Number of protein chains: 2
Amino acid sequence: MKNIPRKTVDRALIYIRTLDHLIKEKRYLVSSKDLALITGISDVQIRKDISNFGKVGTPRIGYKTAELNKTLKDFVLQENVVHVALFGVGHLGTAMLRYPGFNEDNIKLVAAFEKDKSKIGKKINGVRVYPVEMAPKIIKRTHADLGIVAVPASHSQEVADIMVLSGLKGIVNFAPASISVPKSVLVKDIDFTIELLSLFCNSQR
Amino acid sequence: MKNIPRKTVDRALIYIRTLDHLIKEKRYLVSSKDLALITGISDVQIRKDISNFGKVGTPRIGYKTAELNKTLKDFVLQENVVHVALFGVGHLGTAMLRYPGFNEDNIKLVAAFEKDKSKIGKKINGVRVYPVEMAPKIIKRTHADLGIVAVPASHSQEVADIMVLSGLKGIVNFAPASISVPKSVLVKDIDFTIELLSLFCNSQR
DNA sequence: GTCTAATCGTGAAATTTAGAACGATTGAGA
DNA sequence: TCTCAATCGTTCTAAATTTCACGATTAGAC
Ligand SMILES: NC(=O)c1ccc[n+]([C@@H]2O[C@H](COP(=O)([O-])OP(=O)(O)OC[C@H]3O[C@@H](n4cnc5c(N)ncnc54)[C@H](O)[C@@H]3O)[C@@H](O)[C@H]2O)c1
Ligand SMILES: NC(=O)c1ccc[n+]([C@@H]2O[C@H](COP(=O)([O-])OP(=O)(O)OC[C@H]3O[C@@H](n4cnc5c(N)ncnc54)[C@H](O)[C@@H]3O)[C@@H](O)[C@H]2O)c1
C-alpha cells in the first residue's frame with residue numbers, strides 16, 4: 001500500500017462527505033472543478049489527492065460519484081465502524097451523545113464515563129453512562145478505538161491516562177490544556193477558544 | 001510588522017494558554033524545554049516561534065512567564081476582545097452559550113440567532129436569542145467580528161450568506177458541509193465526524 | 001473518421017514548515 | 001575571577017506540501 005500523505009487522507013474525508021451528499025442528490029458525475037467549487041479546495045489539489053488512490057477519472061467527463069466514493073472509502077475507511085468512548089457527560093458531551101449524524105458515518109459512541117454520580121447509570125440516546133473506574137473494562141469489552149475528552153481541563157490529564165491504560169489509540173481533546181500521552185497514541189486538540197482567537201488574528205491581516 | 005508564519009500564530013495561542021496557567025500557579029520562570037514537556041511541541045520549535053516576537057528569553061534561565069505572555073499577547077491579540085455571533089441555539093450552540101471559559105480569554109458571545117420561534121427572545125447566560133432576520137442589524141450594533149455556524153448542514157450556506165452580508169470577517173463552521181464565502185472571509189471548519197475518522201485512519205498505520 | 005475542447009494525471013518548481021547544528025549568552029559555583 | 005553547564009536564538013538543511021505547467025486522454029460535434 002502506497003504511503004498516502006496525511007493531509008491527503010484528511011481531504012479525502014471531505015471528498016467522501018461531499019460525494020455522499022451529491023449521490024443523495026442523484027448526481028452521477030462530478031469534475032475536479034465542480035468539487036473545487038463546492039469544497040473550496042483547488043481543482044489541482046483534488047486531482048492530485050485522488051491520483052494517490054488510482055486512476056478513476058475519465059478525461060473530458062470527470063469522476064463517477066459512486067465509483068470515486070467507493071474508491072476513497074476503500075482506501076481510508078475500509079468499511080470500518082469506529083467505536084468511540086466519551087469521557088465527560090456535560091454540555092459538550094451531551095451534545096455529542098444526542099447528535100444523530102455519527103451513525104450515518106460509521107461512528108458509534110459505545111460508552112460514556114462520568115464522575116458525577118447523578119449522571120451515572122443513565123442512558124442517553126442508547127449510550128450508557130458508567131463511572132470512570134469502569135472505563136478499562138468497558139472499553140475493552142466494547143472494542144472502543146478512540147476516546148473523547150470532554151471533562152474540565154483540570155481533569156483532562158487524569159482521564160487521558162485512563163484512556164491510554166485502556167488501550168485507546170486516539171484521543172480527541174476538547175479541554176483547553178495539553179495532555180501527555182505515549183507517542184503511539186494520537187491526539188487531536190480541538191480548543192474552541194483557540195480556534196476563535198486564531199481566526200480573529202488571521203482575519204486582522 | 002514582521003510577517004509571522006500562520007502556524008506560529010496558532011502555536012503562540014497555545015503558549016499563551018499554557019503561560020496563563022503557569023502564571024496562575026505563581027510560576028515565574030519557564031524554559032523552552034519545560035514548555036515542550038507541557039505542550040508536546042518541540043523545544044526548538046518553541047524557541048524559533050518565540051524568536052519571531054523578539055528576544056525575550058535569558059540564556060541559562062529561560063523565559064519570565066509574565067513577560068513572555070505579555071509579549072505574545074501584544075503581538076497576536078493586542079488586548080482585543082473578540083465579539084462573536086452564534087447561529088443556531090441547538091445542542092452545540094447551547095453548550096457554547098453556557099461555557100464560562102470564553103470570558104476569561106477575551107471572547108464575548110454578543111448575540112445568538114435562531115429560526116425556532118420557541119427559542120427566540122430567551123436569554124441564555126446573558127446572551128439574547130434573536131430571529132435570524134435581525135442578524136445584520138444586531139451584528140453591526142454589537143460589533144461582532146466572528147460568527148459560529150451551529151445550524152444543520154442543510155441551512156449552513158443560508159446562514160453563512162447572512163453572516164457575510166452582515167460584515168463578519170471569520171466563521172467557525174460546525175456543520176458537516178463546506179460553505180462558500182468571499183475569500184476575504186476566513187472559514188475554519190470543525191467537523192467532529194471528520195476529526196474522529198481522521199484520527200482513526202491515522203491511528204491505523 | 002477527424003478535430004476539438006474539456007478534463008485527468010503527473011513530474012518539476014516553489015513554498016511552507018519542521019528539524020538539526022551550533023555559536024552566543026548568562027548565571028552559578030569553584 | 002574563571003570555568004562550566006544550561007539555555008537562548010539563528011542559520012543552514014531537510015522534509016512536507018502546494019502550485020504550476022503541460023502532456024495524455026477522451027467524448028462528442030461535425
Ligand atoms: N462547552 C463549550 O462550548 C466549550 C468550549 C470550549 C472548551 N470546552 C471544553 O470542553 C470540555 C467540556 O466542556 P463542557 O462545557 O461540556 O463542560 P461541563 O462542565 O458542562 O461538563 C464537564 C463534565 O465532566 C464531568 N467530569 C469532571 N471530571 C471528570 C472526571 N475526572 N471523569 C469523568 N467526568 C468528569 C463533570 O461531571 C461534567 O459532567 C471542558 O474542558 C471545556 O473547557 C467547552
Ligand atoms: N452536536 C454534535 O455533537 C455535533 C457533531 C457533529 C456535527 N455537528 C453539527 O453542528 C451543527 C449543530 O449541531 P447541533 O447538535 O447543535 O444541532 P441541533 O439540531 O441541536 O441544533 C440546530 C439548531 O439550529 C436551528 N436552526 C435551524 N435552521 C436555522 C437557521 N436557518 N437559522 C438559525 N437557526 C437555525 C435549529 O432550530 C436548532 O435549534 C449541525 O450542523 C451538526 O451537524 C454537531
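In this text the structure is predicted, and so the values were computed from the model without any measurement. Quick note: numbers below take in every heavy atom, side chains included, and nothing from hydrogens, waters or symmetry partners. Throughout, protein chains are lettered first and strands after them, A, B, ... in sequence-line order, and every chain is numbered starting at 1.
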Just how far, in rounded Å, is C1' of D/dA27 from CG of A/Leu29?
12 Å
Heavy-atom side-chain contact between B/Ile194 and A/Ile16 under 4.5 Å
no
In short, side chain to side chain donor-acceptor pair (under 3.5 Å) pairs touching residues 9-22 of chain A with sequence neighbours left out are A/Asp10-B/Ser198, A/Arg11-A/Asp49, A/Tyr15-A/Asp49, A/Arg17-B/Ser178, A/Arg17-B/Asp191, A/Asp20-A/Asn69, A/Asp20-A/Lys73
Rounding to an integer number of Å, can you tell me how far A/Ile50 CD1 sits from C/dT10 P?
12 Å
If the condition is ring pair (Phe, Tyr, Trp, His ring centres under 6.0 Å), which residues does B/Tyr130 pass it with, not counting sequence neighbours?
B/Phe113
Atom CD1 of A/Ile41 and atom P of D/dT17 are separated, to the nearest Å, by 14 Å
Using the side-chain hydrogen bond (donor to acceptor under 3.5 Å, both in side chains) criterion, which residues pair with B/Asn173? Sequence neighbours excluded.
B/Asp189
side-chain hydrogen bond (donor to acceptor under 3.5 Å, both in side chains) with A/Asn103: which residues, sequence neighbours excluded?
none
Whole-Å distance separating the CG atom of A/Asp49 from the P atom of D/dT17:
11 Å
Can you tell me the distance, in whole Å, between the CG atom of A/Asp10 and the C1' atom of D/dT18?
15 Å
What pairs of nitrogen or oxygen atoms, one from the protein and one from nucleotides 13-17 of chain C, lie under 3.5 Å apart?
none

Would you tabulate the nitrogen or oxygen pairs shorter than 3.5 Å linking the protein to nucleotides 5-8 of chain D?
residue : atom : partner : partner atom : Å
D/dA5   : N3   : B/Arg60 : NH1          : 3.3
D/dT7   : O4'  : B/Arg60 : N            : 3.2
D/dC8   : OP1  : B/Ser32 : N            : 2.7
D/dC8   : OP2  : B/Ser32 : OG           : 2.4

Check the distance between C/dG19's C1' and B/Ile46's CD1 and give it to me in whole angstrom.
14 Å
Only counting residues at least two apart or in another chain, list the ones meeting ring pair (Phe, Tyr, Trp, His ring centres under 6.0 Å) with B/Phe174.
A/Phe192, B/Phe192
Which pairs of donor and acceptor atoms, one on a side chain in residues 136-154 of chain B, lie under 3.5 Å apart (sequence neighbours left out)?
residue  : atom : partner  : partner atom : Å
B/Thr142 : OG1  : B/Ile138 : O            : 2.7
B/Thr142 : OG1  : B/Ile139 : O            : 3.4
B/Asp145 : OD2  : B/His83  : N            : 2.8

Which residues share a side-chain contact (heavy atoms from CB on, under 4.5 Å) with A/Pro5, sequence neighbours left out:
A/Thr8, A/Asn52
